[in-house]
Protein chains: 2
Amino acid sequence: MSTGESGAEPGRPRPRPTAKDVAAAANVSRSAVSFAFNDPARISVATRDRILAAARSLDYAPNTVARMLQRGRTQSLGVLFPQELAKIMENPYHSRFLVGVGQVCDRESLTALLVPPVADSMLKAIPYAAVDGFIVCGLETDRGEVAELQRRGIPFVLVDSDPPEGVPSVDIDDQRGAYEVVAHLLALGHRRIAILSMESGPSVTSRGYHGPLARRRAGVAEALAGAELTLDDVAVLEVPCTRMDGYRATKTLMAGDRPTAIVTFSDVLAIGALDALHDLGLAVPGEVSVSGFDDLPESAWLRPRLTTVNQPILAKGRLAADFLVSAVHGEDQHPHQTLSTALIVRESTARPPARRG
Amino acid sequence: MSTGESGAEPGRPRPRPTAKDVAAAANVSRSAVSFAFNDPARISVATRDRILAAARSLDYAPNTVARMLQRGRTQSLGVLFPQELAKIMENPYHSRFLVGVGQVCDRESLTALLVPPVADSMLKAIPYAAVDGFIVCGLETDRGEVAELQRRGIPFVLVDSDPPEGVPSVDIDDQRGAYEVVAHLLALGHRRIAILSMESGPSVTSRGYHGPLARRRAGVAEALAGAELTLDDVAVLEVPCTRMDGYRATKTLMAGDRPTAIVTFSDVLAIGALDALHDLGLAVPGEVSVSGFDDLPESAWLRPRLTTVNQPILAKGRLAADFLVSAVHGEDQHPHQTLSTALIVRESTARPPARRG
DNA sequence: CTGAAAGCGCTTACAG
DNA sequence: CTGAAAGCGCTTACAG
């Protein structure tokens with residue numbers, strides 16, 4: 001009632017109260033405090049109320065980290081990315097993937113930890129994250145992450161990689177997707193085709209690693225073969241996956257021996273390509289055809305609407321998270337799913353212009 | 001050399017090795033093991049090498065959670081959202097915000113923990129996250145989160161809320177932004193204006209809380225007053241912030257007493273509105289003007305290009321993370337920043353059609 | 001119904 | 001240069 005000094009002095013950084021403090025205040029053991037929070041049935045109502053009241057008055061809440069250590073569970077899923085967070089979130093593809101992961105997190109009351117590489121290394125980031133398992137994204141080269149995770153015995157699922165046997169993973173049919181767009185363009189009559197691809201890590205080819213990019217390249221080759229062409233007949237540019245890089249690469253491409261069609265391996269790149277072509281005063285698809293990959297929602301808003309390869313990004317995220325949750329629960333399966341792609345023909349591709357020469 | 005049984009049996013779920021195991025294997029104390037990893041200078045090169053070799057052969061790595069508990073640091077920033085993760089990531093606004101947060105995380109070698117509400121409560125989510133501090137997003141109603149965080153003594157910064165004195169926070173000039181678009185529309189001659197707003201939590205007005213939405217409403221009122229109008233003269237619809245809800249709301253709006261201009265409080269909503277108007281066969285801006293809010297990159301790709309209110313989303317995320325990092329480092333300031341908005345007039349707004357009546 | 005004790009795995013003064 | 005000990009804050013068998 002009076003303005004006594006019962007409260008803590010404000011402003012002073014008091015140390016956080018612990019179960020010990022509450023136990024003292026409520027005149028019980030620390031075990032009792034723990035029970036009050038975790039297993040109320042084990043103590044009498046009276047004691048519990050007393051403890052809870054004491055806890056409230058001290059602003060006590062169990063320390064999360066201590067609890068994690070004791071329980072051996074963090075209630076968190078790690079999403080391990082191959083690039084800096086700023087770059088990752090820049091790409092709408094990842095947002096959509098995280099919607100899928102988020103659905104599972106929401107359902108299971110889990111949090112999602114976004115884990116960027118440490119000093120450019122996904123490997124180094126692994127030991128610093130307090131998670132129950134990892135979703136490993138876009139492992140374009142296997143730089144030891146798989147072995148590391150396996151040795152540590154921490155559950156994980158591989159997404160968009162070249163999964164070894166016996167490892168949970170989810171992928172899409174990259175080869176077929178790439179095959180279909182290129183076949184589509186060839187059928188339209190294009191022969192001078194450029195590929196705008198993403199950069200893959202070092203030494204991809206030399207180590208016989210076949211990630212998504214390699215599979216897409218195979219799909220392109222397969223389609224080209226149908227027209228008596230090979231990969232040597234197309235220009236291939238590898239750039240970081242940003243709109244701006246797509247823009248620049250397209251300008252580079254157009255400064256040389258102009259292709260009549262640009263096949264990009266990402267809608268984000270295609271958006272940049274469209275911008276560049278617009279700035280160059282080149283009509284799409286009248287003078288140049290452009291195709292994307294992913295089928296982001298955005299691709300349908302573009303003008304011209306983007307012809308692209310749909311992949312079920314959201315489902316991929318959801319599935320990956322589901323697989324990881326199973327693995328964390330100790331279910332000893334190794335599900336391996338390959339999701340389908342589908343060519344979506346819209347407005348950005350058409351017959352090549354009739355040509356002098 | 002021989003195929004001895006030196007390795008652990010594969011497949012068998014071995015328990016993770018601890019520092020104790022390494023100490024035993026290397027014939028040193030547990031302290032030495034710890035030093036080998038954390039303070040190599042404190043032990044001799046020989047001992048360190050022996051320890052590291054033993055660690056490697058046992059696949060040992062220090063337990064992150066134990067380390068967190070001991071150090072009292074998690075190296076992780078929590079981003080507390082008012083909605084489910086799936087919904088949050090659905091909105092490009094948040095991706096962009098996270099790019100800003102990500103820049104700081106990358107710089108500081110921090111991870112970002114995405115924290116959705118637990119059982120619809122941001123409050124309940126707080127104690128379950130192992131983070132060094134929170135960025136509290138879009139606290140449209142103060143449901144006790146601030147008090148909770150303050151009592152717990154955990155650093156936090158408020159973004160897009162109604163920040164009390166003495167609390168780090170970053171906001172934008174919502175009122176001015178809303179004022180400007182509406183004034184723009186009024187100047188074009190619009191008098192029948194509809195507002196498409198987001199749902200705010202319960203009892204916003206009743207508690208005298210003035211979050212972003214309330215400020216925007218004030219901006220609208222301010223602009224209307226300049227034309228001798230009041231909020232009662234405009235239709236206001238509050239819907240969840242998704243494209244689909246924007247779509248539906250617009251159809252509802254158009255089924256009634258048709259406005260000549262739709263002011264949305266989010267680009268995402270505006271995209272839905274544009275779609276609906278397109279499906280309704282209504283020309284934008286010929287028959288109906290539409291404006292957005294945020295100025296997402298997407299808004300410039302739309303056709304017609306969207307007139308909208310720019311807000312520096314990325315800078316907001318970066319600043320919030322910067323403020324939080326300072327707070328975590330114990331810097332006892334309470335920075336409070338209000339970022340500017342700017343009206344971006346593009347193609348989706350024009351004079352209202354001449355009218356019968 | 002309640003408490004004393006051990007333990008989760010680590011780090012860090014403190015002695016030697 | 002190295003080790004024994006205490007402690008971070010919690011939970012959970014185990015006794016009573």
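The chains referred to below are lettered A, B, ... by the order of the sequence lines, with proteins before strands, and numbering in each begins at 1.
Of the side-chain N and O atoms in B:S44, one or more sit less than 4.0 angstrom from OP1 or OP2 of D:dT2. Within the structure, a side-chain polar atom (N or O) of B:T47 is placed less than 4.0 Å from OP1 or OP2 of D:dT2. Contact check, A:N38 against D:dT11: a side-chain N or O comes under 4.0 Å of OP1 or OP2. For C:dG3, one of the phosphate oxygens OP1 or OP2 lies less than 4.0 angstrom from a side-chain nitrogen or oxygen of A:S29. Distances shorter than 4.0 Å separate some side-chain N or O of B:S34 from OP1 or OP2 on C:dT11. Between B:R30 and C:dC10 there is no side-chain polar atom (N or O) within less than 4.0 angstrom of OP1 or OP2. OP1 or OP2 of D:dT11 sits under 4.0 Å from a side-chain N or O of A:R67.
Nearer the 5' end of DNA chain C, as judged by each residue's closest nucleotide, is the contact made by B:L69, out of B:L69 and B:F35. Nucleotides of DNA chain D nearest to A:P17 and A:R42 differ in position, and the one nearer the 5' end is that of A:P17.
Base pairing analysis places C:dC1 opposite D:dG16; the two distances defining the Watson-Crick or G-U wobble pair are each below 3.5 Å.
Taking atom CZ of residue A:R16 and atom P of nucleotide D:dC8, one finds them 14 Å apart after rounding to whole Å. What separates CZ of A:R48 from P of C:dC1 is a distance of 11 Å, to the nearest Å. Atom CZ of A:R73 and atom P of D:dT12 are 13 Å apart (whole Å). In this entry the distance linking CG of A:D39 with P of C:dC1 reads 11 Å, nearest Å. Whole-Å rounding puts the B:Q75 CD to C:dT11 P distance at 13 Å. As rounded to whole Å, 16 Å separates atom P of C:dC10 from atom CE of A:M68. As rounded to whole Å, 12 Å separates atom C1' of D:dG3 from atom CD1 of B:I51. Atom CD1 of A:I154 and atom C1' of C:dG9 are 16 Å apart (whole Å).
Here C:dG9 is the nucleotide among C:dG9, D:dG9, C:dT12 with the atom lying nearest to any side-chain atom of B:T18. Of the candidate nucleotides D:dG9, C:dC10, D:dC10, C:dC10 has the atom nearest to the side chain of B:P62.
Ring centers of A:F156 and A:F323: at least 6.0 Å apart, outside the cut-off.
Using a 4.0 Å heavy-atom distance criterion, B:A61 is classed as a sugar-phosphate-only contact. When heavy atoms are screened at a 4.0 angstrom cut-off, A:A23 is found touching no nucleic acid atom at all. Heavy atoms of A:V28 sit under 4.0 angstrom from primed sugar atoms or phosphate atoms, though from no base atom. Contact annotation for A:F37: no contact, since no heavy-atom pair falls under 4.0 Å across all strands.
A donor-acceptor contact under 3.5 angstrom links the side chains of A:S44 and A:T47, judged on distance only.
Under the 4.0 Å criterion applied to side-chain N and carboxylate O atoms, B:D59 and B:R16 are not assigned as salt-bridge partners. A salt bridge links B:D322 with B:R107: at least one charged nitrogen is closer than 4.0 Å to a carboxylate oxygen.
Residues B:V101 and B:I135 meet the side-chain proximity criterion, which asks for heavy atoms closer than 4.5 Å.
Using a distance-only test at 3.5 Å, with no hydrogens or angles considered, a donor-acceptor pair links the side chain of A:H94 to the main chain of A:I88.
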